[in-house]
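Letters A, B, ... mirror the listed sequences (proteins, then strands); counts begin at 1.
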Protein chains: 4
Amino acid sequence: MSVTMDGTKQQRRGNTRQRIQDVALELFAEQGYEKTSLREIAERLDVTKAALYYHFKTKEEILVSVFEDLTRPIEDLIEWGKGQPHTLETKQEIVRRYHQALTDAEPLFRFMQENQATVRELRIGDTFKDRMRGLRNIIIDPDAALTDQIRCISALFTLHAGMFVMQDVEGDPQQKREAVLEVAVDLVTQAHRGTHPA
Amino acid sequence: MSVTMDGTKQQRRGNTRQRIQDVALELFAEQGYEKTSLREIAERLDVTKAALYYHFKTKEEILVSVFEDLTRPIEDLIEWGKGQPHTLETKQEIVRRYHQALTDAEPLFRFMQENQATVRELRIGDTFKDRMRGLRNIIIDPDAALTDQIRCISALFTLHAGMFVMQDVEGDPQQKREAVLEVAVDLVTQAHRGTHPA
Amino acid sequence: MSVTMDGTKQQRRGNTRQRIQDVALELFAEQGYEKTSLREIAERLDVTKAALYYHFKTKEEILVSVFEDLTRPIEDLIEWGKGQPHTLETKQEIVRRYHQALTDAEPLFRFMQENQATVRELRIGDTFKDRMRGLRNIIIDPDAALTDQIRCISALFTLHAGMFVMQDVEGDPQQKREAVLEVAVDLVTQAHRGTHPA
Amino acid sequence: MSVTMDGTKQQRRGNTRQRIQDVALELFAEQGYEKTSLREIAERLDVTKAALYYHFKTKEEILVSVFEDLTRPIEDLIEWGKGQPHTLETKQEIVRRYHQALTDAEPLFRFMQENQATVRELRIGDTFKDRMRGLRNIIIDPDAALTDQIRCISALFTLHAGMFVMQDVEGDPQQKREAVLEVAVDLVTQAHRGTHPA
DNA sequence: TATGAATGAGCTTTCATTCAT
DNA sequence: CATGAATGAAAGCTCATTCAT
């Protein structure tokens with residue numbers, strides 16, 4: 001059991017499940033899924049491996065639960081987008097909100113980005129692919145030129161990459177985030193204008 | 001051991017090293033680095049695990065050797081770019097040649113893309129980061145607006161993503177590749193024009 | 001928790017102990033003792049593992065209690081047999097009643113038959129061995145020929161085996177049971193006649 | 001590595017596979033399959049658990065290999081029996097030879113007898129059942145009375161039981177074995193005579 | 001009369017690696 | 001140029017059991 005500096009046992013009141021999710025995500029994002037062992041997670045939490053299995057049936061289930069909890073906003077976003085007319089404004093709003101969603105759950109998406117091979121084999125892989133397809137269907141016009149379709153995909157990828165790769169570009173993080181968003185919005189706008197000339 | 005239909009052992013004429021690299025890359029790209037075991041590689045080649053160790057000191061070294069062999073063109077490209085004036089034409093040429101290099105070594109770059117977490121911890125991680133930085137230094141003007149810098153990075157990412165993610169966009173592969181290139185070139189061009197108005 | 005169709009909790013009126021025994025025996029007989037986990041038993045009953053420990057001190061104790069409850073008739077039978085003269089009629093009656101006892105507690109005896117290695121290490125192992133010895137002492141004449149002693153043991157084993165192995169012999173179950181009994185009685189009779197010629 | 005009393009390392013010349021089989025069978029027979037861990041087997045042999053996995057793919061495979069090696073004679077016996085006319089002499093010979101086969105591979109059959117629940121779930125379960133059926137088909141006349149059919153099955157069971165249960169019957173082991181065989185032969189003979197009256 | 005939360009010991013299995021031959 | 005045989009470390013997972021509530 002966890003012992004604080006004054007020697008008393010830490011109360012855990014039933015937040016252990018949440019703590020497992022937090023630590024797991026942190027380690028998964030830091031080292032990758034396969035390189036993170038349950039032993040490591042347990043040690044950080046000062047519980048035994050078996051305790052993890054009280055709360056989750058498998059290692060994969062820990063990840064799935066984190067994924068489901070943190071990607072609900074994106075699910076909602078897609079639902080919202082489906083109900084809107086596919087105007088330029090909608091598309092821009094999608095990009096903006098998606099950018100926000102990525103920012104809010106940054107560690108998870110860094111993990112997804114950096115562990116694609118792993119994710120692909122896991123249960124969340126398909127779910128995620130479906131989501132991305134859903135997003136694309138909203139911002140891409142099916143009869144747009146190939147280049148314009150790619151501009152839209154590129155916009156999404158710019159948002160993704162923006163989260164992590166830009167780390168070694170100099171500049172204020174907040175400003176960088178805004179610039180990333182601007183470029184993405186611009187790409188979607190170009191694509192829309194290409195297909196629907198004024 | 002591999003036995004042909006007439007019962008004789010297959011000739012391998014000292015190309016085993018090459019065959020190991022080929023199979024390893026194939027499996028790494030398909031399943032990820034950690035999920036690919038040396039046993040698996042050895043079995044596919046019909047040799048023992050120990051044989052792998054005759055040709056390579058460690059598992060990581062197999063990957064390193066593949067990486068070094070296949071990314072030499074990119075190293076050369078950067079060397080070439082450094083010696084050129086940073087004109088729009090140079091930048092466009094860099095994007096074009098980089099696109100070609102990615103296409104030529106597709107499996108390796110798919111692997112790099114999908115196993116970033118793993119690659120980061122490995123020896124090739126730093127090398128790769130350096131290369132990317134090298135490329136960026138050529139196509140990015142240091143005094144460009146933040147958005148234009150990001151457009152350049154986005155161009156590179158579009159090329160990367162273009163290789164793999166576009167798979168489930170419909171269209172002729174060759175055409176798609178060209179469209180991807182066009183978008184990337186366009187991004188770099190926009191960035192350049194933004195910084196050097198006619 | 002178990003919830004009936006009208007949403008009320010199932011009444012269990014303090015029969016949980018009995019239900020544990022029932023389910024445990026069922027699973028032990030079906031899958032073996034070691035392969036049956038307390039989790040499994042608890043899940044089937046829709047209680048927690050800890051609940052099992054309220055009613056029984058250990059896993060072994062569950063088995064012991066089942067064994068004791070279900071083998072009392074056999075204990076009584078031996079007691080009765082000991083008080084009888086060791087005539088042919090007594091022996092035949094023992095065989096008949098033992099057969100009946102086995103039939104009445106079939107799952108338990110199938111379990112005993114199929115998990116001898118486990119039972120041997122458990123507390124009930126010795127008890128059971130003692131019982132068998134008790135039975136043998138009644139139907140075997142100590143000065144009988146070795147073959148006749150074996151015929152008696154064989155009679156008991158025929159009864160045991162009859163319960164389970166005969167499953168894949170075709171025929172009406174009831175008839176098969178009677179035939180098994182007949183063969184066992186016959187063996188004991190032969191043994192008796194061999195030792196006490198008319 | 002194994003160290004002898006004079007401190008020299010023991011040569012193992014490639015008999016390790018055999019030694020694994022021997023020790024495994026010994027422990028399986030002594031304690032049961034599930035209660036015998038690979039750690040235990042490895043320790044007795046003074047090798048690591050991983051060494052076991054060099055020679056066998058799984059724990060079950062160790063058992064399977066032992067089973068296959070040791071029951072070949074019985075397979076042969078059945079093959080032989082199938083080719084013979086189903087006379088009384090053949091049946092008696094089958095019983096005799098089966099008795100011999102059981103004696104030769106006693107530990108394996110004690111294991112099978114005492115771990116039926118386990119064996120049933122394992123790959124060898126079906127194989128064994130098939131063998132027993134094969135044997136029965138030879139010694140049982142399909143148009144025999146139910147009791148006579150049971151006598152034949154009882155004969156086989158007497159042989160099985162004879163191996164292990166008779167341990168606590170007093171008498172010279174060799175003599176006991178012969179008596180067991182006699183009873184079994186007698187049962188088959190009675191069954192035959194019941195169906196084919198002189 | 002039970003549950004929620006956890007533990008410690010152990011399991012089977014896999015892996016990268018080594019080395020004498 | 002390669003194999004056969006093995007190792008040490010670790011992994012994911014399960015189990016019987018405990019105990020405060």
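- Projected onto DNA chain E by closest heavy-atom contact, B:R39 and D:E40 fall at different nucleotides, the more 5' of which corresponds to D:E40.
- Listed nucleotides F:dA6, F:dT17, F:dC13 differ in distance to A:K59; the shortest reach to its side chain belongs to F:dC13.
- Summarising the geometry, the separation between CD on B:E61 and P on E:dA16 is reported as 15 Å, rounded to the nearest angstrom.
- Within the structure, every side-chain polar atom (N or O) of A:Y54 is placed at least 4.0 Å from both OP1 and OP2 of E:dA6.
- Contact of the D:I41 side chain with the D:K59 side chain is not registered, since no non-hydrogen atoms from C-beta on lie closer than 4.5 Å.
- Taking a cutoff of 4.0 Å between a charged side-chain nitrogen and a carboxylate oxygen, B:E43 and B:R39 qualify as a salt bridge.
- Side chain D:K49 to base F:dT7: no donor-acceptor pair is found below 3.5 Å.
- For C:A50, the listed nucleotide lying nearest its side chain is E:dT3; candidates were E:dT18, F:dT17, E:dT3.
- Set against E:dT12, E:dC19, F:dA6, the side chain of D:T16 has F:dA6 as its closest nucleotide.
- Distance CG/B:L70 to CD/B:Q21: 8.0 Å, rounded to 0.5 Å.
- If B:T36 and C:L52 are placed on DNA chain E by their nearest nucleotide, the residue sitting closer to the 5' end is C:L52.
- When distances are taken from the side chain of C:V47 to each of F:dA16, E:dT17, E:dT3, the shortest belongs to E:dT3.
- When each of C:R110, C:R19, C:R44 is tested with C:E26 by the rule salt bridge (Lys or Arg N to Asp or Glu O under 4.0 Å), just one qualifies, namely C:R44.
- Residue A:E34 contributes atom CD, which lies 13 Å from atom C1' of E:dT14 at whole-angstrom precision.
- Rounded to an integer number of Å, the gap from C:H55 NE2 to F:dT17 P is 16 Å.
- Distances were taken from every side-chain heavy atom of D:Y53 (C-beta onward) to each of E:dT14, F:dT7, F:dA16; the shortest belongs to E:dT14.
- Computed from coordinates, the D:N15 CG to F:dA6 C1' distance equals 14 Å when rounded to whole Å.
- Pair assignment for F:dT21: E:dA2, on the basis of Watson-Crick or G-U wobble contacts that are both within less than 3.5 Å.
- Atoms CD (B:E43) and P (E:dT14) sit 11 Å apart, rounded to a whole Å.
- With rounding to whole Å, C:L38 atom CG is found 16 Å from E:dT3 atom C1'.
- Between B:D46 atom CG and F:dA2 atom P the separation is 12 Å, expressed in whole Å.
- When the P atom of E:dC11 is taken as reference, atom NZ of C:K35 falls 17 Å away, rounded to whole Å.
- Projected onto DNA chain F by closest heavy-atom contact, D:R17 and C:S37 fall at different nucleotides, the more 5' of which corresponds to D:R17.
- If you find the closest nucleotide of DNA chain F to A:T58 and to D:T48, the one lying nearer the 5' end belongs to D:T48.
- Between B:F128 and B:F109, the two ring planes are tilted [angle within 30° to 60°].
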